[in-house]
There are 2 protein chains.
Amino acid sequence: MAMYLRSTMARALGKRSFATAARGAFATLEAADVAHLRSVCPSALTDPDEIAPFNSDWLNKYHGHSQLVLRPKSTQEVSDILKYCNEKKLAVVPQGGNTGLVGGSVPVHDEIILSLGNMNQVEAFDETSGIIVCQAGCILENLDAYAGKYGYMMPLDLGAKGTCQIGGNAATNAGGLRLLRYGSLHGSILGIEAVLADGTIVDCLSTMRKDNTGYDLKQLFIGSEGTLGVITKLSVLTPPRSTAVNVALLGCETFEDVKKAFVQAKKNLGEILSAVEFMDRASLDMVMSQQPSLADPLSSNCPFYVLLETSGSNETHDMEKLEGYLEQVMEAGTVVDGTVAQDAAQAKKLFGIREDITLSLSSRGHVYKYDLSIPIDEYYTIVEDTRSALASHDAKVVAFGHLGDCNIHLNISTLAYDDAVQKALEPFLFEWTAKRRGSVSAEHGIGTHKPHFLHLSKSPEAIRMMQQMKCVFDPNGILNPYKVLP
Amino acid sequence: MAMYLRSTMARALGKRSFATAARGAFATLEAADVAHLRSVCPSALTDPDEIAPFNSDWLNKYHGHSQLVLRPKSTQEVSDILKYCNEKKLAVVPQGGNTGLVGGSVPVHDEIILSLGNMNQVEAFDETSGIIVCQAGCILENLDAYAGKYGYMMPLDLGAKGTCQIGGNAATNAGGLRLLRYGSLHGSILGIEAVLADGTIVDCLSTMRKDNTGYDLKQLFIGSEGTLGVITKLSVLTPPRSTAVNVALLGCETFEDVKKAFVQAKKNLGEILSAVEFMDRASLDMVMSQQPSLADPLSSNCPFYVLLETSGSNETHDMEKLEGYLEQVMEAGTVVDGTVAQDAAQAKKLFGIREDITLSLSSRGHVYKYDLSIPIDEYYTIVEDTRSALASHDAKVVAFGHLGDCNIHLNISTLAYDDAVQKALEPFLFEWTAKRRGSVSAEHGIGTHKPHFLHLSKSPEAIRMMQQMKCVFDPNGILNPYKVLP
């Protein structure tokens, strides 16, 4: 599936070219540099064929021209590499699982690639507190399996879990499905060890849940996309694994009813609610158009769908709560149709529809993708306004997302890339979002894609503060240049 | 009770004098300054009697000599004040509810006091998402009552809730009882508006749960104790209010059993577990010695106690879970005695014992207070080691705390202040904690009390990063000088 997804999406997205920032005044890699760097980090790649996969993203949308990939195994190697690069003014792009969507982990020009994949050791797990300490290159799914052996789970889950690395998750402040229940990484990550641009190792690898000793420096590295330092180790608080999981798909007539169903779910399901996903009929139609064998999951055709998940410690209690909730929302007419998965296979199938929307969109042709946070009252208004704005174009507007977090994935599908559609969408959508104080990047980050839209979600004073921080901690600007900051 | 507490604790603590940092090279307040500041902020106090309560903390332990208290009503007033003070190099101490324990909100010399109490307006509440937007001077308990009208609650709760302000809670990264369930303020606070030392208003007042647009600047202000900026507004995610609350007090024979009872509680009570508090027999004895009418809450005398709280949405389910848990731990011998509160009054009484420990200690005489995070395996070892270290002194060592967060409040009680005891405790306890990578300040912060112990919980590189940040955002050092940084 992943490979199919990769090639299909590459076909759909690869056609459009992006304006590239001019190369900064960095040094150019020379043979002596390679020799020195290989002496401090023996695992180095210089063969163009071997480097190729590191030079582009999984959607084949962003392309760099690096000639050196370094794969350190220890924090000390990372430190030695950066110290040298900083002295020589060689630019560096840190790379985790390279599963991002905004080009944050791909070189723009000839930056040296610092790949963290060899730093994949779990260093400690405390069975009483559920706190795991590991290197940054550990794959999320592996960590989840590791914690699972002790009855715990990772506090985040996303589609790329089989490839993405925990260090990259932290650097991009990855969100995903479990955020509604377990909160953001700013809360779950208890400690970070990172290396600054000049090679300084900053040890803030606390494993304490409470530590009010000065500024919480680890927060700087969470979400800064590798521009302030390279995360080398982390400690993460893992919640107990739920033994009972239920999934229900509900149909609503209006978006007002979707909101009511959400609020009621918080009341009835409170502590067991673990996901509240949204999709509109256009999303379901898109999946069904690409998977002709898929039957409509509900007997009636509804304009709006809510996919609910509960996770708890007692199957009977959870089912009772869910049944009570369904009775209430169906009696009130808030929900007009629905189905509850009877087993894990059915649950997977219902979630599968939600997860297949992305693939179906890409299979159809070109897709313009937006990842926005919108205040809940106008969450669906942006979809309607986009449809109006594109009335004269042959375009399908499809919306789904993490309703519980006000995060909408707004996708516009055309059979082929059309510059007129692109112009109708940008900056319209970003400005629309900015007017409502939403976010122009809810969970995907800024990367190479959106530095010139940053001002729509951040004030000039905030951007100046970011620039000041960048100047202090990476004065030569060698860490992940051309990304995040305008 | 609060007034009694104040005078009793003042008697106990006020005897010891603290070394005071030398006054910095700030300007001295002149009549022209007062006139100008009054013109931008009419609510100003200059009468020494009126200023007195702002010049010391509630425990009467820290004392300043400010001659001016400014009580702005708007962010613009805060900005105008700081702009002027920065230009004139007048030092400023921001002050919320002034309920801290480390002198963070009290002037050390003659700093101007910026009291946020007049900024007490709720600006918005979203009933669907549960997100509240308010000014920094709102009192925590008032916000909790406000959210309660809509079925929500504040994600933090602490003893000082009737006086402390949400801006101060954020500035000190307050922890408290609900952290176990709802996480730290780094996760619950969605947005912050703050004013930098030069008067720049930084608007990061997002109300979006997901916003990955550049560095998460609001995190800088959370826990920096007013040294990087003055928080003026916040948006906070409030969780649904639980309708069912149960409290149980359990007795254990060994600390190993305490740990087992905690792990089992996470398994059986998972999503409804809302507090896991610990106290030793010495804590209970201390309360009973000061309240002769209080009967032993359990029939047997146990060396260790665990106070559990569950909060959920279904009374029957929660009680079933709790009973199942109790059956299991009692059958296994992990818990040897216990009681479950039959109503809210009994629950309050059980929690009352835990809350009265502080007061009882102060009533008895002098108390040396330590707020530490310790890895769970050695959580109680520090108590035993302290008893050994003090074997030749007439001192009672009493330990209680938020077990679920590895946070221990270690208290040493003597009839009167004794310099030999003080010398036996410091730096012994801080170094002991540092060796185990614990935290020398779990939730109380650094303030004036612990800047010279910061190096025991933070590496030299981390402290240098903090100093660099301070230099960038407050180059004249006017914001809360002598605090946090060494």
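Checking side-chain atoms of B:Asp203 against main-chain N and O of A:Ser459 turns up no donor-acceptor pair under 3.5 Å.
With sequence neighbours excluded, the residues satisfying salt bridge (Lys or Arg N to Asp or Glu O under 4.0 Å) with B:Glu123 are B:Lys233. Considering only residues two or more places apart in sequence or on other chains, A:Lys470 meets the side chain to side chain donor-acceptor pair (under 3.5 Å) condition with A:Asp474.
For B:Leu237, no part lies near chain A; criterion is any non-hydrogen pair under 4.5 Å. Contacts of B:Thr243 with chain A are absent, with no heavy-atom separation under 4.5 Å from either backbone or side chain. If you measure heavy-atom distances from B:Phe262 to chain A, the contacts under 4.5 Å come from the side chain alone. Contact of B:Asn407 with chain A is made through the side chain alone, with heavy-atom distances under 4.5 Å. At a 4.5 Å heavy-atom cutoff, the contact between B:Tyr152 and chain A is made by side-chain atoms alone. Residue contact with chain A, scored on non-hydrogen atoms closer than 4.5 Å, is absent for B:Lys260. For B:Phe453, no part lies under 4.5 angstrom from a heavy atom of chain A. Interface remark: B:Pro451 contributes no atoms to any contact with chain A (heavy atom separation under 4.5 Å). In this structure, no portion of B:Tyr182 lies under 4.5 Å from any heavy atom of chain A. Using a 4.5 Å cut-off between heavy atoms, B:Ile446 touches chain A through backbone and side chain atoms alike. Using a 4.5 Å cut-off between heavy atoms, A:Leu179 contacts chain B through both its backbone and its side chain. Heavy-atom distances place no part of B:Arg241 under 4.5 Å from chain A, backbone and side chain included. For B:Ser373, the parts lying under 4.5 angstrom from a heavy atom of chain A are both the backbone and the side chain. Heavy atoms closer than 4.5 Å to chain B are found nowhere in A:Ile463, neither backbone nor side chain. Only the side chain of B:Val484 has a heavy atom closer than 4.5 Å to any heavy atom of chain A. In this structure, chain A has no heavy atom under 4.5 Å from any part of B:Asp371.
The candidate with the highest count of non-hydrogen atom pairs below 4.5 Å against chain A, out of B:Gly187, B:Gly324, B:Ser313, is B:Ser313. Each of B:Gly130, B:Pro375, B:Ser311 has some count of heavy-atom pairs under 4.5 Å with chain A, and the biggest count is that of B:Pro375. Among the candidates B:Glu461, B:Glu443, B:Glu271, the residue making the largest number of heavy-atom pairs closer than 4.5 Å to chain A is B:Glu271. The residue among B:Gly183, B:Gly445, B:Pro460 with the most heavy atom pairs within less than 4.5 Å of chain A is B:Gly445.
In summary, the side chains of B:His444 and A:Asn212 do not present any donor paired with an acceptor at a separation below 3.5 Å, with no hydrogens or angles considered. A side-chain N or O of A:Thr213 and one of B:Lys458 form a donor-acceptor pair less than 3.5 Å apart.
Salt-bridge formation is not detected for the pair B:Asp211/A:Arg437: no Lys NZ or Arg NE/NH1/NH2 atom is positioned less than 4.0 Å from an Asp or Glu carboxylate oxygen.
When every heavy atom of B:Lys266 is checked against every heavy atom of A:Thr128, the shortest pair comes out as NZ-O, 2.7 Å.
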